[in-house]
Each structure stands twice: as C-alpha cells, then as structure tokens.
Amino acid sequence: MCGVFGIFGHPEAANLTYLGLHALQHRGQESAGIATSDGQNLSLHRGMGHVIDIFTPEQLARLGGQNAIGHVRYSTAGGSMLKNAQPIAVEYARGSIAIGHNGNLTNADQLRESLEARGSIFQSTSDTEVIVHLMAISSQRSPQDRIADALTKVSGAFSLMCLTPNSMIAVRDPMGFRPLCLGRMPGEGAWVVSSEPSSFDLIDAEYVRDVEPGEMVVIDERGLSSVRPFADMPRSTCIFEYVYFARPDSTLDGISVYEARKNLGRLLAQRHPVEADVAIPVPDSGVPATIGYAEAAGIPFELGLVRSHYVGRTFIEPQQSIRHFGVRLKLNPIASVLKGKRVVVIDDSIVRGTTSRKIVKMVRAAGATEVHLRISSPPTKWPCYYGIDTPTRAELIASSHSVEEINQYITSDSLAYLSIEEMHDAVLSARAEPASERRALPVIGRSLSKSNFCDACWSGNYPVEFIPPPKQRQMRLLDI
Ligand code: AMP
C-alpha cells in the first residue's frame, strides 16, 4: 500500500511530483518523499505524515532539477518511521540513485540475511533496501542493468521508480501485482510515470499506457526505451486494487475502477437480494458499489452515514467511555435517512469485523428497523504478502467463522458476500476503452482473464510463495 510517481525533463519536476503524490495520497499516509536530479546531483526530502504537511514551498524550491521521483508510504514491511520513508537515496561505487517501491518482496528477509552475512549494513527495516544492496554488488555496468540484475533475484510485488543523475527507470514486476502507468505532458513533453493514471489529470498529463508486467522503461535525454529483463511469468494483478484500494477515477490495465465497483454492487443485488427501503454505502470506498446495488435492486441510494475526512490520528480519547467513539470519529449516521427504514449497508470488505459491528449498531440506534449488510468481495481469509495491509489469519474474522457466525457477531439481520467467481466476473466486465488512442510504444499486452488476477486474500492461492524470515529479528538499534 504505497504510491510512486516520477517525471523526467520538466522545469517544475519537484512541484509536479508534489501534486502527483497529493493525488496518490490514498495509497499511503504515513510518510512521503521526493528525490530530484539536475543531471549531476540528487536531492532528497522525506518526512512523516501527509504530503501537504511534509513539503513547504521553500523545500520544493530547494529540490532542484528537471527530473524527480516521489513516494507515499503505508508500511506493510518494515515499521512506520522516518528511516523507512522513501525514496531511499544512496551513493554506491558507480554513482548515486534514489528508489521508490510499491509492493512487498516475498524473499526479502532471506536475501537480507545472506547480504548481511557477506557484510552489507542496512540502514532501514524496509524490504526495498534489499534491492539497493543487490544493485550495489551487481557486476553489471549501467544503472539499468544493475537494477535489472538486482530485480531478477527478488520475488514478489514491485512497481518501482528509480532516479539516477541522468535517467529515470520504471519497472513493474513480471506478474504485474501492483499498477504502474505511463503518461506524457502535453505536446510531446516530459514523460510521467505513476501508480495510478488519475494523478495525471491534476497536472494535465495525458495517459499513454500501462507499464506492462515484466517491463522496464528507461527514460533519459535520448528519449524512452523499453526492455523486458525478466523471464515471462503468469500475470497476477491484485484484484483488491479494483475492490478497495485504487481511486475510482483510475483505469488500471484497461479496467475502470469505478465501473468495476458498480458492477460488484449490481451483482450483489442480483445474487443476494433483500427486501429493503434504502441502500446506503460505508463511505467512501463503498459508494460506487452502492450506486450499482441500488440501481439493480430498484431502491433509493441514500447517504445514511457521513464520513469525516479529517480524522488523522487522534491522541485525545475521552476518559469516560463514549459509545461507538472510535468509529464515530470517522462516521456519523443521518437519522432522517435511517429512521423506520429497512436498510442495506454496502461495504467493500470485512477484515476483523470490528468496523462492521459498530456500523450496524450505529445504524440500528439511529432508528433503522432492519440492517442488512452486503459485502462487494468474498470473505477475507488470508493475509496478503504482496503489499496490501491485511492482518494475520488469526485476526481475520472469516478465517475462523462462517458467514452466519459473522452475521451473528456483527448483529446484522442478514449478511452476504460475493463469491470469488462473481468478483472476477464483475471486475472483468468493467473493461474500458483506453482513455487515449495515443500509442508511443507497441503495447506488449495480453488480454486479461480470470486467471490473471491475484485473489490470494480470499482463496489462499498464493501465486508466489512467501518465505518467512529465517529467524525473528531482534532490533537493538532504537531510533526514537
Ligand atoms: P474491520 O473493522 O477490520 O473489519 O475493517 C473493515 C473496514 O476496513 C472496511 O470498511 C474496509 O473498507 C476497510 N479495509 C479493508 N481492507 C483494508 C486495508 N487493507 N487497510 C485499511 N482498511 C481496509
């Protein structure tokens, strides 16, 4: 759960990267950073918190140069602390490089152990640093060959942005777990790369195409070139990006996130109908699915819950117990919508079950006569090793409880999920025409089918094996 962004050859590289990261803020709110290059030197600024709080105009002005990469982080490997913030920037024997990574490596601990055994000293606990060390010891000459060499040794998920003093390199892992797409500033202008194309709109860049799984795009003063340094592997794009994670105004690998979510909602209404007066979303992620549900069920869509967008982290908890305090910080019911109504609440997923339980109780307390819960994905039973923050199996309520048991725990009148098959159908039927007819490069595309998605958090079918740490690492250097 991170976002990456980069731009090559623009006088306002740092400012545009700042805006790009702003549009990717939903992918990570713990830390952010920008690295720039002026052809000779790299400059870096990173901080904890939101993009808007980390960068001042003065700091952005100091990030000189025409090339920049940026990163927003949500920690899924390595703790939430400044030393794990990205981009990581290092100097090694052949120059300097900055790297930003979205995804999780599945063999990072094992590689780290062997790198440390031969003398590598790590500065962070992030899995991304493994790539930096592998690159530094590579016997290849050019930065792109060293990066390719390093990446052939790692497995798992990576959508990666690298910046050297005179090139920008974007790589998507051979299975294509996480999204990555290519854009261009108007009039054959600077090249732009981002986790999601919705970030292009803010800076007026034009979407060109998605970076293909297994593709490495190298951009330098000679222009753009594309190589495929990895052996072909079956495609395994994360379907949870469509269900929950990506922005609804993004189209990823030719599938509109918004239309996918609406289709999920439509299918929920068809497969799991219930007599109800009103359909309400758990905002914001449940909104498109609820639009689809209400339309297919022929019942009104209403906003029964209002979300505060300013929650952040609160340190003030009242001493006195306040009912629903945690969830009320984020969501508050509108009684006039709910009172005396049979309500269907639509959410994208149940993880631990704590949020849904509080929401059901809150909606009932606001006067609903019946509260039915519909989930626009299957029961989440397995943790993700490829970059989505899901807890251990023990914490995932569906790994040890049936749908009826969860329904009882959550206190809903009825509960239903989509099946894995239905989810695939709904997402695939949202294939969109490319936003742009422009084709700077041939698309090395393969058309997506059901077998091209990773659905491990629901099915337990892991496309890449996760290799657990050889031994539990005892951190002795406390950075406070
Ligand atoms: P829980 O209370 O643990 O069941 O959380 C369920 C809520 O978390 C749902 O409203 C989801 O939209 C949201 N959610 C699902 N997956 C994630 C995730 N990986 N990180 C943060 N929130 C999530």
Side-chain angles (χ1 to χ4, degrees), residues 1-3 24-30 72-77 80 102-104 157 177-178 195 238-248 257 260-261 264-265 268 280-290 293 304-309 311-313 324-333 344-363 371 373-401 403 405-412 415 417-418 423 454-458:
M1 293 173 80
C2 292
L24 294 174
Q25 186 78 82
H26 62 290
R27 297 186 71 87
Q29 302 93 40
E30 285 181 10
V72 286
R73 180 163 194 261
Y74 183 124
S75 59
T76 47
S80 171
N102 173 209
N104 269 16
F177 281 102
R178 302 273 147 243
S195 292
C238 169
I239 200 167
F240 197 57
E241 292 272 355
Y242 298 98
V243 170
Y244 167 78
F245 196 41
R247 264 172 63 150
V257 174
R261 289 185 190 162
L264 291 163
L268 257 182
I280 68 159
V282 176
D284 291 323
S285 53
V287 172
T290 312
Y293 187 100
L305 294 164
V306 173
R307 176 169 172 186
S308 162
H309 291 102
V311 182
R313 282 188 185 168
H324 312 306
F325 176 74
V327 78
R328 269 240 164 89
L329 271 177
K330 204 164 153 189
L331 296 168
N332 203 33
V344 194
V345 181
I346 290 121
D347 202 357
D348 56 81
S349 54
I350 296 177
V351 183
R352 296 176 183 81
T354 44
T355 310
S356 314
R357 183 178 157 94
K358 284 179 177 160
I359 288 171
V360 169
K361 290 190 169 191
M362 192 194 275
V363 169
V371 188
L373 192 58
R374 294 291 178 269
I375 304 297
S376 62
S377 65
T380 308
K381 294 184 178 176
W382 303 86
C384 175
Y385 299 123
Y386 315 122
I388 295 287
D389 182 35
T390 36
T392 58
R393 281 210 83 194
E395 293 166 274
L396 292 168
I397 189 167
S399 72
S400 53
H401 294 79
V403 174
E405 285 167 346
I406 301 171
N407 183 40
Q408 278 172 26
Y409 171 74
I410 281 172
T411 72
S412 36
L415 167 68
Y417 294 83
L418 285 178
M423 175 178 63
C454 175
D455 52 28
C457 50
W458 301 288

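Each ligand, and each atom within it, is numbered from 1 in the order the structure gives. One is the number of the first residue; the rest follow in order along the sequence.
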Name the one of T380, I350, L373 that satisfies side-chain contact (heavy atoms from CB on, under 4.5 Å) with Y417?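 Testing Y417 for a side-chain contact (heavy atoms from CB on, under 4.5 Å) against T380, I350, L373 leaves exactly one candidate, I350.
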Listed by chain and number, what are the side chain to side chain contact (heavy atoms under 4.5 Å, CB included) partners of Q25, not counting sequence neighbours?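 Per chain and number, Q25 pairs via side chain to side chain contact (heavy atoms under 4.5 Å, CB included) with Q29, H50, V51, V72.
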Is there a donor-acceptor pair under 3.5 Å between the side chain of R261 and the backbone N or O of V287?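 Flag not set: sc R261 to bb V287 has no pair under 3.5 Å.
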Examine distances only and state if a side-chain atom of R27 and a backbone atom of C2 form a donor-acceptor pair shorter than 3.5 Å.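 Indeed, once roles are kept as given, a pair shorter than 3.5 Å links the two residues.
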Within 45 degrees of the axis of the six-membered ring of Y386 and under 6.0 Å from its centre: does R178 put its NZ or CZ there?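 No - R178 does not lie over the ring of Y386 by the 6.0 Å and 45° rule.
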Measure the CG-CZ distance between D389 and F245 for me, rounded to the nearest 0.5 Å.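 Reported to 0.5 Å precision, the distance equals 9.0 Å.
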Are there any N/O pairs under 3.5 Å between ligand 1 and the protein, and if so, what are their distances?
from: ligand 1; atom 1: 2 (O); to: T354; atom 2: N; distance (Å): 3.4
from: ligand 1; atom 1: 2 (O); to: T354; atom 2: OG1; distance (Å): 3.0
from: ligand 1; atom 1: 2 (O); to: T355; atom 2: N; distance (Å): 2.7
from: ligand 1; atom 1: 2 (O); to: T355; atom 2: OG1; distance (Å): 2.4
from: ligand 1; atom 1: 3 (O); to: R352; atom 2: N; distance (Å): 2.8
from: ligand 1; atom 1: 4 (O); to: V351; atom 2: N; distance (Å): 2.8
from: ligand 1; atom 1: 4 (O); to: R352; atom 2: N; distance (Å): 2.9
from: ligand 1; atom 1: 4 (O); to: G353; atom 2: N; distance (Å): 2.7
from: ligand 1; atom 1: 5 (O); to: T355; atom 2: OG1; distance (Å): 3.4
from: ligand 1; atom 1: 10 (O); to: D347; atom 2: OD1; distance (Å): 3.4
from: ligand 1; atom 1: 10 (O); to: D347; atom 2: OD2; distance (Å): 2.6
from: ligand 1; atom 1: 12 (O); to: D348; atom 2: OD1; distance (Å): 3.0
from: ligand 1; atom 1: 12 (O); to: D348; atom 2: OD2; distance (Å): 2.9
from: ligand 1; atom 1: 19 (N); to: D389; atom 2: O; distance (Å): 2.9
from: ligand 1; atom 1: 22 (N); to: Y244; atom 2: OH; distance (Å): 3.1

